[in-house]
Amino acid sequence: MNKTALITGITGQDGSYLSEFLLDKGYEVYGLIRRSSSPNLSRIAHISDRVKLLSGDLTDQTSLDGALRMAEPDEIYNLAAQSFVATSWNQPTLTADINGVGFVRLLEAVRHSGREIRVYQASSSEMFGMVEESPQNEDTKFHPRSPYACAKAFSHHTAVNYRESYNMFVCSGILFNHESPRRGLEFVTRKITDGVARIYHQRASKLMLGNLEVKRDWGYAGDYVRAMWLMLQQDKPEDFVIATGENHTVKEFAKLAFEQVGLDWKKYVAVDPQFFRPAEVTQLCGDASKAKRVLGWKPEVGFQQLVTMMVEADMERVARQIHHSSP
Ligand code: NDP
Ligand code: GDR
């Protein structure tokens, strides 16, 4: 019989790729969406007739209990979050409520449902923060550097605690940065590729960024959702680092992205201190050898290919917008 999955955060980058992936595997897919004054379904518009949407919010226990009753899922993927690190300093309690306590609410809903449900939690490489060793693996100590990372560390430990307290099947994927043409526009990769496209098409003249020297281990979101699913298919619940094992500076990303359209990044990129963070995570690089060994997972899309894919998608999108707005 086909399995049923409930995805929180289905309208986000990862939620959209994971939905496609699970539909291809024959799953019945439910997604939790929060109420908004206008629809926010653009990332899942192309599969809207194949997913079932339930109204709910990680800050509201009743809606989570209701969603579980409606969907009766075999698997839950908890992707919902206030996911922008920079915002977490301005909205620390909201971030803690959604990313931290929200996960406890979800696990309590699972526990009280009386059903055998496997749960995936979206943990983050941000938990490593000021890194104690490099590359980082499942045993590397956490040193969170933002309210976002503190909340994710709380939910990460909560996953372990529910495994140990109640014998529940809960896995955390400690995912390093993963990007795509569906990445939110405020994240640095997408901000750069969108900026490249707008500058190329003369819709902007400058791209203002923050710290250009920080290093991230950037992979492709389409590869990373496969790892989420693999974790829930194992005999026992465990945590896994998912990463490419390569890191690059923001400057390198910008240089490559501008080169893609024949422009010199130095002429267009300027540094604006407003994009610096109160505490920075200067470098991250993941060691995904456990995922390779146990799950048979490895990334398919490399750094250069990722930059090209994102620039091409934004170039096409901006060109389309210009075409539609011309008289
Ligand atoms: P996005 O920001 O693209 O998506 C976040 C999703 O969470 C959206 O669907 C959003 O809904 C939803 N959401 C936010 N608040 C609530 C709430 N209170 N109740 C219910 N839903 C809510 O994030 P990504 O897809 O990039 O990331 C998915 C998860 O993985 C997040 O938990 C993120 O923290 C984590 N993560 C991401 C990494 C990455 O590099 N992308 C790396 C490591 C971890 P709406 O559309 O209404 O805003
Ligand atoms: P991050 O992603 O904080 O790693 O979190 P983001 O793309 O926002 O920042 C990456 C690094 O780039 C530096 N940076 C800038 N960042 C933004 N957004 N805008 C800028 O102009 C800019 N200039 C430099 C940042 O300081 C930072 O060091 C992402 C999110 O998806 C989290 O939810 C997830 O948990 C982690 O990745 C892993």
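Both counts, for ligands and for their atoms, begin at 1 and track the order of listing.
Remark: among candidates R145, K152, E280, the nearest residue to atom 26 (O) of ligand 2 is E280, based on non-hydrogen atoms. Among R183, R277, Q13, the residue whose heavy atom lies closest to atom 6 (P) of ligand 2 is R277. The closest non-hydrogen atom to atom 12 (O) of ligand 2, taken over N211, V250, L185, D217, comes from V250. Closest heavy-atom approach to atom 11 (C) of ligand 2 within the set D272, V214, V269: this belongs to V214.
Looking only at atom types and distance, the side chain of E108 has a donor-acceptor partner in the side chain of Y162 under 3.5 Å away. For the residue pair Q304 and T308, a side-chain donor N or O sits within less than 3.5 Å of a side-chain acceptor on the partner. Remark: the Y27 side chain and the W229 side chain contain an N/O donor-acceptor pair separated by less than 3.5 Å.
A donor-acceptor pair is defined here as one N or O able to donate and one able to accept, closer than 3.5 Å; no such pair exists between the side chain of K298 and the backbone of T244.
Contact check on K152 versus E126 returns no salt bridge, with no Lys/Arg side-chain nitrogen under 4.0 Å from an Asp/Glu carboxylate oxygen. Taking 4.0 Å as the cut-off between side-chain N and carboxylate O, D65 and R105 do not count as a salt-bridged pair. The pair R198-D194 meets the salt-bridge criterion, since a charged nitrogen lies less than 4.0 angstrom from a carboxylate oxygen. Checked for salt-bridge contact, E133 and K141 miss the test: no charged N lies under 4.0 Å from a carboxylate O. At a threshold of 4.0 Å, the pair D239-R163 counts as salt-bridged, since one of the basic side-chain nitrogens sits closer than that to a carboxylate oxygen.
Considering both main-chain and side-chain atoms, L58 comes within under 3.5 Å of ligand 1 through a nitrogen or oxygen pair. Where the criterion is an N or O separation shorter than 3.5 Å, residue side chain and backbone included, N78 fails it with respect to ligand 1. The shortest N or O to N or O distance between F187 and ligand 1 is not below 3.5 Å. Backbone and side-chain nitrogen or oxygen atoms of E179 are examined, and none is located within less than 3.5 angstrom of a nitrogen or oxygen of ligand 1. Polar contact check, Q13 against ligand 1: a nitrogen or oxygen pair lies under 3.5 Å apart. Any N or O atom pair closer than 3.5 Å counts here, and N177 shares no such pair with ligand 1. Any N or O atom pair closer than 3.5 Å counts here, and F275 shares no such pair with ligand 2. In terms of polar-atom proximity, I98 is not counted as a contact of ligand 1, lacking any N or O under 3.5 Å from an N or O of the ligand. The distance criterion of under 3.5 Å between nitrogen or oxygen atoms is met by D14 with respect to ligand 1. Considering both main-chain and side-chain atoms, Q82 never comes within under 3.5 Å of ligand 1 through any nitrogen or oxygen pair. Checked against a 3.5 angstrom limit, the closest N/O atoms of S83 and ligand 1 fall inside it. Every N/O-N/O distance between L212 and ligand 2 stays at or above 3.5 Å.
Residue contacts with ligand 2 include S125, since one or more of its heavy atoms lies under 4.0 Å from the ligand. Residue-ligand proximity: T8 is placed with every non-hydrogen atom at 4.0 Å or more from ligand 1. Contact annotation: R182 has no heavy atom less than 4.0 Å from any atom of ligand 1. Heavy-atom distances between F84 and ligand 1 stay at or above 4.0 Å for every pair. Heavy-atom separations between F84 and ligand 2 include at least one value shorter than 4.0 Å. Proximity of S123 to ligand 1 is established by a heavy-atom distance of less than 4.0 Å.
Residue L209 touches ligand 2 through backbone and side chain together, judged by heavy-atom distances below 4.0 Å. When non-hydrogen atoms are compared, ligand 1 lies under 4.0 Å from the side chain of K152 (C-beta onward) but not from its backbone. Counting heavy atoms closer than 4.0 Å to ligand 2, residue V85 contributes side-chain atoms (C-beta onward) but none from N, CA, C or O.
Closest to atom 21 (N) of ligand 1 among all protein heavy atoms lies A80 CB, 3.3 Å.
Taking the six-membered ring for Trp, F253 and W265 have ring centres at least 6.0 Å apart.
Counting only residues at least two apart or in different chains, salt bridge (charged side-chain N to carboxylate O under 4.0 Å, His left out) contacts with residues 2-30 comprise K3-E75, E20-R182, E28-K52.
In this pair, F303 and W218 present their aromatic rings parallel. The plane angle is below 30°, not in the 30 to 60° band. In this structure, Y77 and Y120 have tilted ring planes: the angle between them lies in the 30° to 60° band.
For ligand 1 and N40, the ligand atoms under 4.0 Å from any heavy atom of the residue are 45 (P), 46 (O), 47 (O), 48 (O).
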Derivation and outcome, side chain to side chain contact (heavy atoms under 4.5 Å, CB included), residues L32 and L64 | CA-CA 9 Å; L32 190 79; L64 299 178; 3.8 Å; yes

